[in-house]
Amino acid sequence: MAKLNAQYRALQQNYLFSEVARRAAAFSEAHPERDVIRLSIGDVTRPLAPAVVAAMEQAVCEMGRAETFRGYGPEQGYDFLRQAIRGYYAGHCVNVAADEIFVSDGAKSDLGNITDLFDRDNTVLIPDPVYPVYVDTNTMDGRRIVYLPGSADNGFLPGPPDFPVDLVYLCSPNNPTGAVYDRTQLQAWVDYANGCGAVLLFDAAYEVFLHRPELPHSIFALEGARTCAIEFCSLSKTAGFTGTRCGYTVVPRELERDGMSLNRMWLRRQTTKFNGVPYVVQRGAEAVFTGAARGEIRAAVDYYRANARTIAAGLDRLGIWYTGGVDSPYIWMRCPDGMDSWSFFDRLLEGAAVVGTPGAGFGACGEGFFRLTAFGDRDRTAEAVERMVAFLGK
Ligand code: PLP
């Protein structure tokens, strides 16, 4: 009889988004006259940039003609896209080679699949609150997880612990907290990892939202990161690719443990288990990094950023503590009056018909906090903020 991976029994059911949707739907049903606004959307709402669409249309035409048709491509991505990504890094003064870049169908897949490279007998350090994929993928493999508490005291940017671990997940700009590590803080993590031989799994899915010029756009902007870090990037939030699917992971050649190269291991893993991203999508992705689409993409990011500023300004008016909102599409606010996060969810829904995401759903340290997102419509976001200020400011 087939024996199953019993670790799946250890997975926590994640009811967060279904419960948010259930409570919002129940409220709308009970109060059809109320207009509910969602500041809980974790998906982009702006369409693909016209230059991206044009590149994909042209690629579709190529696929329909015998002379330009392409079948299987390189599993790790076409050279034209890897060169375009290399150029993007160079624009941020970071040197990565094309054969260190692996194109994929998104950061979530790579974050989940990277665990293939690591023994089960590794201790994994994961900040709390957290994007749940890091926890679940390691639980599936049965690794020991140690949580690193985030809090208002450390600005939800916990620093390295005083004990060694083997793997560390960092996400900056962070989902859900919107908090961003600065250069000094990231350098401390790189030094820690090099000191104890840990590998940093750095999730840069929200890199495009970095605004302050002093913030590094890549872990590889830090001294020593090439011997300890892997970086995961996504076009989902960068360019509206949540439905189109494309991301990339950078594994430096210098990253080795036990005489084995993680770059070669990842190449072997991808060429064995993955057959590449569609040509059409890769041509669209190329347009993200080159030429006309750059300006169009910037406009979409600026649109979300303006929403984030609107939300942050509302919380400032209310005198509520929060992180994020400047270099991130997420705003992480403290629930007023010491409320727990689900009670605040209900109160905000009933009082202002505004939906957010309770922090407790992202980990124990998220209790008492609440996530608002900037991925909505400009006027609706402004309306939601006015309602919040009117209701909570009473
Ligand atoms: N990493 C973080 C922190 C995310 O919030 C998300 C998506 O919401 C992802 C990765 C997944 O990105 P992708 O759409 O490229 O799979």
Side-chain angles (χ1 to χ4, degrees), residues 14 16-18 20 38-46 48 52 77 81 85 88 101-115 126-138 148 150 156-157 168-181 200-210 217-219 229-250 270 274 276-278 281-282 284-285 288-289 297 300-301 304 308 323-325 327-332 356-357 359 361-363 366 371-376:
N14 199 331
L16 178 62
F17 292 103
S18 55
V20 165
R38 286 166 212 280
L39 294 187
S40 54
I41 306 164
D43 197 350
V44 289
T45 51
R46 309 297 297 163
L48 291 173
V52 169
L81 178 53
I85 295 169
Y88 181 69
I101 299 166
F102 296 82
V103 176
S104 75
D105 62 348
K108 189 179 187 177
S109 313
D110 285 359
L111 283 159
N113 295 331
I114 202 77
T115 55
I126 301 184
D128 175 3
V130 70
Y131 175 58
V133 171
Y134 318 145
V135 176
D136 288 351
T137 53
N138 282 287
L148 191 61
F156 287 92
L157 292 168
V168 179
Y169 285 84
L170 293 181
C171 177
S172 179
N174 191 272
N175 178 15
T177 68
V180 182
Y181 283 112
L200 291 183
L201 302 169
F202 188 75
D203 185 344
Y206 296 93
E207 167 271 329
V208 76
F209 287 92
L210 290 171
H217 281 254
S218 164
I219 192 76
I230 296 175
E231 179 158 284
F232 301 87
C233 303
S234 170
L235 271 68
S236 285
K237 311 297 159 78
T238 301
F241 270 56
T242 50
T244 306
R245 308 304 307 143
C246 194
Y248 52 96
T249 288
V250 178
Q270 291 298 80
F274 182 59
V277 174
V281 171
Q282 292 196 54
V288 169
F289 297 105
I297 285 159
V301 170
Y304 298 132
T323 58
D327 300 287
S328 159
Y330 297 118
I331 289 106
W332 181 251
T357 312
F362 298 102
R371 191 189 76 171
L372 301 170
T373 88
F375 289 122

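The basis for the numbers below is simple: all heavy atoms, side chains too, and nothing from hydrogens, waters or symmetry mates. Start at 1 and go down the list; that is how both ligands and their atoms are numbered. If you read the sequence from its start, that first residue is 1, and numbering goes on from there.
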Enquirer: Below 30° counts as parallel, above 60° as perpendicular, anything between as tilted: where do the rings of F17 and F362 land?
Expert: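 Correct class here is perpendicular.
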
Enquirer: Go through L200 and I230 one step at a time and tell me if the side chain to side chain contact (heavy atoms under 4.5 Å, CB included) criterion holds.
Expert: CA-CA 6 Å; L200 291 183; I230 296 175; over 6 Å; no

Enquirer: When you look at V103 and Q282, which way does the side chain to side chain contact (heavy atoms under 4.5 Å, CB included) test go after all the steps?
Expert: CA-CA 9 Å; V103 176; Q282 292 196 54; 4.2 Å; yes

Enquirer: Applying side chain to side chain contact (heavy atoms under 4.5 Å, CB included), can you list everything that pairs with C171, at least two apart in sequence or on another chain?
Expert: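 If we apply the side chain to side chain contact (heavy atoms under 4.5 Å, CB included) test to C171, skipping adjacent residues, the hits are Y134, N174, D203.
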
Enquirer: Who passes side-chain hydrogen bond (donor to acceptor under 3.5 Å, both in side chains) against N138, sequence neighbours left out?
Expert: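 Expected list: R143, Y169.
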
Enquirer: In chain order, what residues pass the side chain to side chain contact (heavy atoms under 4.5 Å, CB included) check against S234, with sequence neighbours excluded?
Expert: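 If we apply the side chain to side chain contact (heavy atoms under 4.5 Å, CB included) test to S234, skipping adjacent residues, the hits are A107, A205, S236.
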
Enquirer: Would you mind listing each N/O atom of ligand 1 next to any protein N/O under 3.5 Å, plus the distance?
Expert:
unit_1	atom_1	unit_2	atom_2	d
ligand 1	1 (N)	D203	OD1	3.4
ligand 1	1 (N)	D203	OD2	2.6
ligand 1	5 (O)	N175	ND2	2.8
ligand 1	5 (O)	Y206	OH	2.7
ligand 1	8 (O)	Y206	OH	3.4
ligand 1	8 (O)	K237	NZ	2.9
ligand 1	14 (O)	S236	OG	2.6
ligand 1	14 (O)	R245	NH1	3.0
ligand 1	14 (O)	R245	NH2	3.4
ligand 1	15 (O)	A107	N	2.8
ligand 1	15 (O)	S234	OG	2.6
ligand 1	15 (O)	S236	OG	3.3
ligand 1	16 (O)	A107	N	3.3
ligand 1	16 (O)	K108	N	2.9
ligand 1	16 (O)	R245	NH2	2.8

